[in-house]
Structure formats: structure tokens, C-alpha cells
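A short worksheet on the structure shown next.
In each ligand, atom 1 is the first atom listed, and ligand 1 is the first ligand listed.
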Amino acid sequence: MSSKLKSVCVMNGPNLNMLGKREPEVYGSLTLEDINKGLKKSAGPLALDVEFFQSNHEGEIVDKIHALFESNTQGIIINPGAFTHTSVALRDALLLLPCPIIEIHLSNIYKRESFRHKSLVADIARGQISGFGHFGYQMALSAMADMINES
Ligand code: DQA
């Protein structure tokens with residue numbers, strides 16, 4: 001394993017900036033800042049350098065993915081929020097990336113309304129984590145470290 005930290009971006013899509021206030025019975029009581037603080041703590045011991053990005057705007061998320069492509073990011077953990085189910089533009093942008101992608105959802109999207117059962121990201125991601133609340137982000141970070149430190 002090389003001693004250089006590997007860069008990983010944790011991206012969150014629309015309405016995830018409202019975690020803690022938004023439907024806490026579905027999404028939990030932690031804020032996005034709380035979740036990101038926990039990830040920052042875990043990143044060092046996993047030899048990862050983690051950056052965070054959240055936007056409510058599809059085009060801004062696409063632009064950020066382009067920037068990550070240019071900077072050769074080594075992994076993306078993404079909760080695309082509602083864009084999971086709708087955005088061909090997000091899917092096409094992610095297809096640019098040679099690095100592993102992990103899709104994450106706080107809620108179990110398969111236990112919810114049928115329009116949430118379809119993900120436009122699932123088949124291009126290495127894996128999907130859905131239904132473990134905030135802990136899913138920690139699971140995703142560990143899985144990412146394992147994948148990119150092995151390769
Ligand atoms: C979500 C699930 C999506 O269906 C929803 O639109 C979200 C959050 C989740 O984390 O469970 O915004 O991605």
C-alpha cells in the first residue's frame with residue numbers, strides 16, 4: 001500500500017443539506033455536517049483524504065463531477081438524492097469517471113414508493129448501500145478504502 005493519501009469525494013444531492021430537519025423519522029436526526037465530521041475523523045486512519053460537496057442543482061453536480069475527472073479523484077461516494085431516480089445527466093457525467101463509485105442512501109429505497117425503486121446510478125456503481133442511515137456513509141468510506149488501497 002502506498003503511503004500517499006488517496007483522494008475521495010463524498011457528494012450529496014438535493015435536500016440533503018436539510019438533514020436533521022428533513023423527515024427525521026426517515027433520514028435520522030444527524031445533520032450533514034455531523035455526518036461529514038464523522039467521515040473526516042475516519043478518513044485519516046483509512047489513508048484517505050476526503051472532500052465534501054453538496055448541491056441542490058443538477059448542473060452544479062455535473063460540473064463538480066467534471067472537475068473530479070480532471071483532478072483524477074480516486075473515488076466517489078454519492079448520495080444523489082432525488083436525482084438518483086431521474087437524472088440521465090448525472091449518470092452520463094459519472095460514466096466519465098474511471099474511479100470506483102459507491103451509491104449511498106440513508107433510507108432503504110426499495111421499501112419506499114415505487115418511483116424510488118429505480119436508480120439510474122446503481123448499474124454503474126461498484127456497489128450500493130441503502131437503508132443504514134448515517135452509518136451507511138461510514139460503511140461506504142471503509143469499502144472505498146478497501147477497494148482503492150488494494151488496487
Ligand atoms: C435518498 C432517497 C431518495 O429517494 C430521496 O429523494 C432523497 C434521499 C436517501 O438518502 O435515502 O433525497 O437518497
> If you round to the nearest 0.5 Å, how far is CE of Met18 from CD of Glu23?
Replying inline: 11.5 Å

> Is Lys40 salt-bridged to Glu51, cutoff N-O under 4.0 Å?
Replying inline: no

> Can you tell me if CD on Glu33 sees more than 12 non-hydrogen neighbours from other groups inside 6.0 Å?
Replying inline: no

> Does ligand 1 have a heavy atom under 4.0 Å from the side chain of Arg22, from its backbone, from both, or from neither?
Replying inline: side chain

> Do Ile109 and Ile129 share a hydrophobic cluster, counting only Ile, Leu, Val, Met, Phe, Trp and Tyr and linking them when any side-chain heavy atoms are less than 4.5 Å apart?
Replying inline: no

> Which class fits the ring pair His85 and Phe115: parallel under 30°, tilted 30 to 60°, perpendicular over 60°?
Replying inline: perpendicular

> Looking only at protein heavy atoms, which one is nearest to atom 3 (C) of ligand 1, and how far off is it?
Replying inline: His85 NE2, 3.5 Å

> Does an N or O anywhere in Ala82 fall below 3.5 Å from an N or O of ligand 1?
Replying inline: yes

> From Lys111 NZ over to Ser130 OG, what is the distance, rounded to the nearest 0.5 angstrom?
Replying inline: 10.0 Å

>> What I want to know is whether Ser107 and ligand 1 share at least one N or O pair that is separated by under 3.5 angstrom.
In response: yes

>> For residues Ile35 and Ile102: do they belong to one hydrophobic cluster (side chain heavy atoms under 4.5 Å, members Ile, Leu, Val, Met, Phe, Trp, Tyr)?
In response: yes

> Identify the closest protein heavy atom to atom 1 (C) of ligand 1: which residue and atom is it, and at what distance?
Replying inline: His105 ND1, 3.7 Å

> What do you reckon, does Glu113 put a non-hydrogen atom under 4.0 Å from ligand 1?
Replying inline: no

> Got an N/O contact under 3.5 Å between Leu106 and ligand 1?
Replying inline: yes

> Does Asn15 come within less than 4.0 Å of ligand 1, judged by its heavy atoms?
Replying inline: no

> What atoms of ligand 1 come within less than 4.0 Å of a heavy atom belonging to Tyr27?
Replying inline: 5 (C), 7 (C), 8 (C), 9 (C), 11 (O)

> Under 4.0 Å from ligand 1, counting heavy atoms only, is it the side chain of Arg116, its backbone, both or neither?
Replying inline: side chain

